Every structure is written in C-alpha cells, then in structure tokens.
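Below: the structure, in structure tokens.
Chain naming here is simple, since letters A, B, ... match the order of the sequence lines and numbering starts at 1 in each. Everything numeric in this text was worked out from a predicted model, so none of it was measured.
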There are 2 protein chains.
Amino acid sequence: MNYKESHTLILNNISRFIDLTELEKQKYTSLLTEIKVKKKDFLMQAGEVTKYEYFIVKGCLKVYTLDENGIPHISMFAIEDYWTGDISSFTTKEPSRYYIKATENSELLGISRVNYKILFQEIPKFERFYRILYQRSLVSYIRRSNHGISLTAEERYINFKKKYPKIVTRITQKDLAAYIGITPEFISKIISKVNRM
Amino acid sequence: MNYKESHTLILNNISRFIDLTELEKQKYTSLLTEIKVKKKDFLMQAGEVTKYEYFIVKGCLKVYTLDENGIPHISMFAIEDYWTGDISSFTTKEPSRYYIKATENSELLGISRVNYKILFQEIPKFERFYRILYQRSLVSYIRRSNHGISLTAEERYINFKKKYPKIVTRITQKDLAAYIGITPEFISKIISKVNRM
DNA sequence: GAAAAAAAATGAACTAGTTTAAGACTTTTA
DNA sequence: TAAAAGTCTTAAACTAGTTCATTTTTTTTC
C-alpha cells in the first residue's frame with residue numbers, strides 16, 4: 001500500500017472523533033513513520049522500551065506476555081484499522097513486558113514518543129481524539145476483565161466469536177486459547193462441543 | 001466535610017496532570033454537584049442511565065454487576081481520591097449494567113453529562129486531564145484482564161493485597177472474593193493458607 | 001511436491017475451584 | 001441487649017479446566 005492510501009485510512013479513523021483541516025492533516029501525517037513487519041517477526045519484544053504507538057494499515061498482529069513458565073497470554077489481536085502498542089511503556093519509558101508479533105505480513109503507521117508530544121502541542125485537538133479513543137478502549141477492557149473472572153471458558157469463546165467475527169477466521173486455535181486464557185487442548189474440546197450443538 | 005475541603009481535594013487530584021488558573025478552578029467547581037450516600041445505599045442501579053461521573057471525597061463504594069444467576073461480580077472498589085461511575089452508560093446514554101453501592105457512609109462530587117460537555121467547551125485543558133486519566137486506567141485494566149485469565153486465585157489475592165493495602169482492610173472477605181472472581185468459601189481457604197505460610 | 005514443522009484432536013489421570021451444608025463468630029437493628 | 005441477619009470457617013462430593021502422551025491433519029519450507 002502506498003503513502004496516500006495508508007494516510008487516507010488513518011485519517012478516516014481519526015475523523016470519527018475529531019475534524020481536522022487540510023493543514024492539520026498534512027502536519028499530522030508528517031509525524032508518522034511507515035513500518036512493515038513480516039509474518040512471524042516481532043514489532044517489539046519484552047524488555048525493550050516502546051518507541052511507537054501503532055495503527056494497523058494491513059495485516060494482523062498479536063500482543064502478548066510470557067508468564068514465568070513461558071506460557072503466552074495474548075492481550076489483544078490487532079487487524080486493519082486498529083490501534084496497538086504498549087501505552088504503559090510508551091508513556092513511562094519503562095521496559096515493556098509485552099511482545100508484539102505479526103501473524104501475517106503487516107503494514108503499520110507509527111507515531112514516536114517525541115512526535116506524540118509535538119502532536120499535542122501543535123494540534124491540541126488530538127487530546128480530545130485520544131481522550132475518546134482511550135475512553136472507548138477502557139470500556140471494553142473493563143468488560144473483558146469482568147468476563148475473565150466471571151464467565152466460563154465456553155462463554156468467553158462464544159463471546160469472542162460474536163464480537164470479533166473478522167478476527168476469529170484469521171488466527172490459530174492455539175492463539176485464541178492464549179487469548180481466552182485456556183489450554184489449546186481445552187479450546188479444541190470446546191469448539192467440537194459448540195459445533196455439535 | 002464542607003465545600004471548601006472537598007473542592008481542595010478534587011483540585012489537588014486534577015493538578016497532578018494539568019495546571020488551572022484560579023478562574024478555571026472556580027469555573028470547574030461550579031460545575032460539580034455534592035452527593036452523599038449512606039452505607040448500603042445505592043448511588044446507582046442497573047437499568048438506569050448514569051447521570052454523573054463521580055469523585056470520592058470520603059468513604060468507600062463498590063461497583064458491580066449481577067450475572068444471570070444473581071451472583072455479584074465487583075469491577076472496582078472506590079475510596080477517597082478515586083474516580084468512579086460507568087463511563088459506558090455515561091457516554092452512550094444506554095442503561096447501565098452496573099450497581100454502585102456504598103460500603104461506608106460516603107461523600108462524592110459528581111459531574112453531570114451536560115456539565116461534562118460544558119467543561120470541555122469552556123476549559124479544553126480538561127480533554128488532556130481525561131486523556132491522561134483514561135490512559136492510566138486503561139493500563140491497569142489491561143493488566144487486570146490479563147491477570148484474570150492467567151493467574152491463579154491465590155496469585156490474584158496476593159496481588160490485590162500488595163496493590164491495594166488501604167482497600168483490603170476496609171472491605172469484607174465476601175466482597176474481595178467477588179472482585180477476585182471466586183467463591184467466599186474458596187477465598188477463606190486461600191487466606192488461611194496464605195496466613196499459615 | 002516431499003519432508004519437516006506446527007497445529008489440532010482425543011483420551012486418561014489429575015488439580016484448582018465450586019457446591020452444598022452445617023456450625024461458629026460478628027455486626028446490625030429494634 | 002437480645003434477636004436477627006450477615007459473615008466466616010470447615011469439610012465432603014463434585015466439575016471445569018489442566019497435564020501429559022499419542023495420533024492425525026494442516027501448513028511451511030526447501
């Protein structure tokens with residue numbers, strides 16, 4: 001995908017919450033970096049300090065931690081038109097605990113820490129954009145944290161399929177298990193049970 | 001607590017992220033409503049559309065849902081200097097699924113939906129305040145949702161005690177169980193085990 | 001397009017957490 | 001301050017989800 005196309009995508013995403021003038025659009029896109037990452041490659045690894053916040057133009061990635069037994073726990077899948085990264089490390093400059101790995105060849109736009117600051121100084125409207133973006137993410141993470149402790153694995157699986165029909169077809173069962181918080185063996189059982197119903 | 005004291009508290013909280021002039025402080029506090037709620041009373045119930053976002057001046061409250069079996073799942077405890085409410089219902093005007101109940105006599109400051117809008121129009125700096133506030137909440141809910149699906153109940157209990165030492169002494173074991181996502185019986189076992197260690 | 005690697009399925013033995021029930025202790029209320 | 005209501009503890013029987021081991025199926029790689 002060329003510059004123009006990916007800039008159109010990201011500007012469309014932003015225009016859901018704030019209106020920008022042509023000048024502001026130009027200023028904004030000038031602060032972005034194009035990033036490509038091949039299937040199976042890391043965008044970022046635990047221990048590093050996150051350099052960017054990302055917008056996905058094309059592809060699919062998974063964000064995960066490894067626990068002390070080396071078991072992966074996926075915190076999100078990101079596909080086209082999603083934002084991802086590690087806001088915690090990005091804002092505190094502390095080393096991240098997350099890995100971000102491409103599950104397909106992917107194209108992203110990144111904004112660096114320095115440019116993120118410049119953005120707020122030069123186009124304060126972006127405070128509003130991020131206020132709304134975070135507000136919405138917050139709502140979904142509050143719900144997810146509730147579901148994690150109150151629903152059965154089968155209910156969480158059914159919810160995921162309903163909520164993310166586009167994602168479920170693009171990821172492996174194993175990764176879905178790591179997102180739901182169960183073993184690959186158990187998700188296999190759940191799926192064959194659900195299909196039998 | 002009188003107006004002055006509670007206004008000082010909320011302004012101190014806000015000054016961690018943004019600086020306000022005297023005039024802005026006056027404008028801001030004029031948009032707030034004082035609310036008192038007695039122990040065991042509801043600040044809000046499921047089915048209602050949330051009218052306010054709240055800041056706790058004094059007391060302790062729990063925010064929870066009831067599942068289809070009538071079992072409560074607590075999504076947060078809020079004490080002095082915390083913000084609470086249901087941003088989802090507050091912003092979408094859809095009926096909330098949450099109950100907010102005082103576990104102690106409590107005093108709050110509320111901002112109504114109308115005043116929240118006025119606030120952003122008149123003091124746009126508040127976009128920044130809420131951007132940062134939501135950003136930070138988001139970090140902790142992302143972590144919580146990961147912990148919910150990846151840690152054992154015992155680990156979640158130990159984490160809670162470490163992270164919220166001030167809260168753990170003020171709530172019942174039963175409510176802590178409803179937060180951790182286990183039965184009161186099982187938390188009782190965990191606690192006696194942890195104490196024996 | 002064959003070989004290697006990874007993902008998915010299945011099953012048996014196991015463990016973390018639930019359910020139910022009963023008794024002891026603590027707090028609330030009249 | 002006594003009675004009632006709610007909270008906490010303990011224990012036995014149960015169930016959702018894990019672990020480990022093996023086979024089959026699919027995907028990747030050269």
Side-chain angles (χ1 to χ4, degrees), chain A residues 38-41 59-60 62 64 66-74 77 101-106 146-161 167-197, chain B residues 38-41 60 62 64 66-74 77 101-105 146-161 167-197:
Chain A
K38 283 201 177 147
K39 182 167 179 171
K40 287 194 184 175
D41 280 354
C60 184
K62 56 184 175 187
Y64 64 96
L66 292 181
D67 68 20
E68 65 272 28
N69 307 314
I71 312 259
H73 299 282
I74 296 180
F77 296 103
K101 195 176 197 173
T103 63
E104 298 174 7
N105 294 333
S106 302
N146 279 241
H147 284 180
I149 58 172
S150 67
L151 300 184
T152 62
E154 187 176 322
E155 290 168 323
R156 279 178 272 147
Y157 166 70
I158 291 168
N159 275 202
F160 185 89
K161 271 216 315 191
I167 294 180
V168 85
T169 58
R170 288 167 77 168
I171 59 175
T172 62
Q173 237 169 261
K174 206 182 164 194
D175 279 347
L176 181 48
Y179 178 91
I180 303 264
I182 56 175
T183 58
E185 292 87 344
F186 195 54
I187 208 172
S188 170
K189 271 180 206 168
I190 288 173
I191 291 174
S192 73
K193 184 187 163 196
V194 169
N195 289 341
R196 261 182 283 117
M197 295 198 309
Chain B
K38 284 201 176 148
K39 183 169 178 170
K40 287 193 183 175
D41 280 354
C60 184
K62 57 184 176 187
Y64 64 96
L66 291 181
D67 67 21
E68 65 271 28
N69 306 314
I71 312 261
H73 300 282
I74 296 180
F77 296 104
K101 195 177 198 173
T103 64
E104 298 174 8
N105 293 334
N146 278 240
H147 284 181
I149 58 171
S150 66
L151 301 184
T152 62
E154 187 176 322
E155 291 168 322
R156 278 178 272 148
Y157 166 69
I158 291 169
N159 275 203
F160 185 86
K161 272 216 318 192
I167 294 179
V168 84
T169 58
R170 288 167 77 168
I171 58 175
T172 61
Q173 238 169 258
K174 207 181 163 195
D175 279 346
L176 182 47
Y179 179 92
I180 303 264
I182 55 176
T183 57
E185 291 85 348
F186 193 53
I187 207 171
S188 173
K189 269 184 209 166
I190 288 174
I191 291 174
S192 72
K193 184 188 164 198
V194 170
N195 289 341
R196 264 181 282 117
M197 296 200 305

B/I187 CD1 to D/dT7 C1', in whole Å, measures 13 Å
When rounded to whole Å, the CD1 to C1' distance for the pair B/I149 and D/dA16 reads 16 Å
Quick one: does any side-chain atom of A/R170 pair with a main-chain N or O of A/G59 as donor and acceptor, under 3.5 Å? yes
Per atom distances to the B/S188 side chain, the nearest of D/dC8, C/dA21, C/dG11 is D/dC8
Quick note, A/T172 side chain, CB onward, closest among C/dG11, C/dA7, D/dA12 is C/dA7
When rounded to whole Å, the CD1 to P distance for the pair B/I158 and C/dA16 reads 14 Å
Against the side chain of A/K39, the closest entry in D/dT28, C/dA12, D/dG17 is D/dT28
A/E154 atom CD is separated from D/dT15 atom C1', nearest whole Å, by 13 Å
From CD1 of A/I191 across to P of C/dA8 the rounded distance in Å is 8 Å
Does the pair B/I182 and B/I190 meet the rule for a side-chain contact (heavy atoms from CB on, under 4.5 Å), with working shown? CA-CA 10 Å; B/I182 55 176; B/I190 288 174; 3.8 Å; yes
query: Taking C-beta and beyond as the side chain, do B/D175 and B/Y64 meet within less than 4.5 Å on heavy atoms?
result: no
Whole-Å distance, A/K193 NZ to C/dT10 C1', equals 17 Å
Interatomic distance, NZ@B/K161 vs OG1@B/T169, rounded to 0.5 Å, equals 11.5 Å
Of C/dT18, D/dT29, C/dA7, the nucleotide closest to the side chain of B/I182 is C/dT18
B/I171 atom CD1 is separated from D/dT7 atom P, nearest whole Å, by 13 Å
Notebook entry, point to check: Checking all strands, does A/T183 fall into the base, sugar-phosphate, or nothing category for heavy-atom contacts under 4.0 angstrom?
Noted result: base
Taken to the nearest 0.5 Å, the spacing of B/Y157 OH from B/I187 CD1 works out to 6.5 Å
Between A/T152 and A/E185, the residue closer to the 5' end of DNA chain D by nearest nucleotide is A/T152
5'-most contact on DNA chain C (nearest-nucleotide basis), A/D175 vs B/K189, goes to A/D175
Report yes if at least one side-chain N or O of B/Q173 is closer than 4.0 Å to OP1 or OP2 of D/dT9; otherwise report no. yes
A/F186 CZ to C/dA16 P, in whole Å, measures 16 Å
